[in-house]
Amino acid sequence: MWHLVVRGLVGRPVRLGLTLLGVAMAVAVWASLEAFGDAYRSGMRAELDRAGIQMMLVPLGCPYDAAARVLKGRTLETSLPWSAVEAARRDPAVAEAAPFLMASVDRPSERRTDLWAGLDESGRRLKPWWKVAKGAEWFPDTNSVILGSEVAATELRSAGDAFYSPGLGATFRVAGVLERSGTSDDSLAFIPLERAMSLVSTNRHVTAVAIRLRDPMLSTETAARLQQIPGAQVVTLTEMMGTFLNLVSTVRTLLSAISLLAIATGLLGVLNTMATSVAERAPELCLFRAIGALPRQLFALVAMESVAVCTLGAVAGLAFAVLGAPWIGWVVQGWVPMAPEGLVPRPSVVLCLRDVAISAVSGLVVSLWPAWRASRLPPAIGGRES
Amino acid sequence: MLALLGLALVAHRFGWMGSSAPADGGATRLATTNRIEGAAVCPWREPASDLAALFPGATNARSEVRILSGKRLDLASRLGRQPEPEENALHVHQVLREGRSAGVVLVRRVKGEHGAIELVVGLNPAGTLSGIRIQRSREPDDIAAILASDRVLGSFHGCRAETELPGGEWVATLPAGARVSASAMLEGVRSLLVMLSISETSQVPRSPTPDLVISDHLH
């Protein structure tokens, strides 16, 4: 039987190739979308877990935009007064309230933007990945700078070197260089918070306050209390993740509709191919009947051909989705808001097996009508035509 | 079944089915080897304006990579030091004017006193240094002005080989604040001339197809 199935398929290679391509493309889109959703969710969760914080105090405005910008090492147009830091630190449920001051200093003549981050000891405690590759772990004096690995590599700096900021008009001494963390910290230059405030903030303002709670279960009550601080608003990272996931979920739903359309088109292609194949091979099938083949055997032959086409198409599509995952991830990073670092939407084994199984079952379903027609062919027609 | 078997093999190849090797096997083996840290390749940031300044009338430029790892002994001998990891390859930008070679551009990042200094060095077809531009620098304004002045950049003009470059005594004539960075620039240019000279021997492998840096007809 398998021999007949293979012969039936390879007998018309162009038609087989086009049908396989249709199924493969549909499955590739479908699998990539599924994998993207999973990768985005787990990547986002990993980034937030790694941040080691439960909520952020940000200036009034869009809280999600503000929190995301701070997490990604970008600046805000508004700022928080120092009194907000003090108020957060006074709250009994707050274990750590770490103020951050982010500043981007442009140098248009060189098309360069330096990203500076001011932080104090509390900020370092909220960065578990803070590891120094060379030099000191912390600022020995207010004139020190600790460089992210990318900055140090680009500026050829190591511990003890001078580091001048043309935009700030200040010279720092490199105290240390951080190990590569894979986060936005790699592109930042860290200076003591007090020094940062004296350089870029006229009235002791900070960009945001990252907060770790004594007990994460106290999140709701603490957020309600901190919300009362004038000029500030609270965004919990759970809320933030939920918002991003909702946004991505909406996009995914739209794209899923397109991929369903592609799958339906692919399956209709298979149906058409099998129906045409049965019509073309009617004499051959009738001959099978004449030499003793049962109707159910012809039914099975056509059904197996259809299942084989759908399964092979699914495997080809999944191979494309797997091999193209880094490229798809790179493209997606460009248009998805705040996409986690290193997003690679590679379908998992479970997802691949599921997609192959669904494709095979779909192949069986769309083969029912052509297979039924094949099983109804009388032996006599074959005799007449031959 | 065959399809499923194929899928399983692909999955195994990409390591999604859990590896039979110890989880830290590869990492442990790698951790015993010191990582070779090389400086990132310095990009040529403003080719259009550099070509307009260094090679007026240039119509386009093409980039090729010359592999010098097989010439490390020659490099060490002429540089007077062990070559840095990034000196295993030289990116040469061939400048064309109406289809004919107008010279080459070399780009190098050197360690200035206050941060990296990125140099764009132009050489004419005879191999003579025809001009230098500083594409990025972190030096304070007064020092940056000295480094960009004709007193510094002009000193390199017309040099053909590393032996023709000004020496340490020239650096000593500069204001104290500019000496470290000027010295780094001098060493950077010297290294480039040595690398270019060695790369022009026939045994040096080159990238097969030069990449277009600037599209045709700049002007």
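Labels below follow one simple rule: chain letters A, B, ... track the order of the sequence lines, proteins then strands, and each chain is numbered from 1.
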Just one of A/Leu267, A/Leu20, A/Leu364 clears the side chain to side chain contact (heavy atoms under 4.5 Å, CB included) bar with A/Cys310, so which one?
-> A/Leu267
Could you give the distance from CD1 (A/Ile263) to CE (A/Met25), rounded to the nearest 0.5 Å?
-> 12.5 Å
Segment of B/Gln135 engaging chain A (4.5 angstrom heavy-atom cut-off) = backbone
Answer with yes or no whether the side chains of B/Asp74 and B/Ser77 bring together a donor and an acceptor at under 3.5 Å.
-> no
Residues of residues 169-183 of chain B with any heavy atom under 4.5 Å of a heavy atom in chain A | none
Quick one: does A/Asn143's side chain have a donor or acceptor within less than 3.5 Å of a partner on A/Thr171's backbone?
-> yes
Flag for A/Asp114-A/Ser165: side-chain donor and acceptor within less than 3.5 Å = no
Under 3.5 Å side-chain donor-acceptor pair for B/Trp44 and B/Asp50 = yes
Please work out whether the ring planes of A/Phe163 and A/Trp116 are parallel, tilted or perpendicular, with thresholds of 30° and 60°.
-> tilted
Checking A/Arg107 against chain B: side chain, backbone, both or neither under 4.5 Å from a heavy atom?
-> side chain
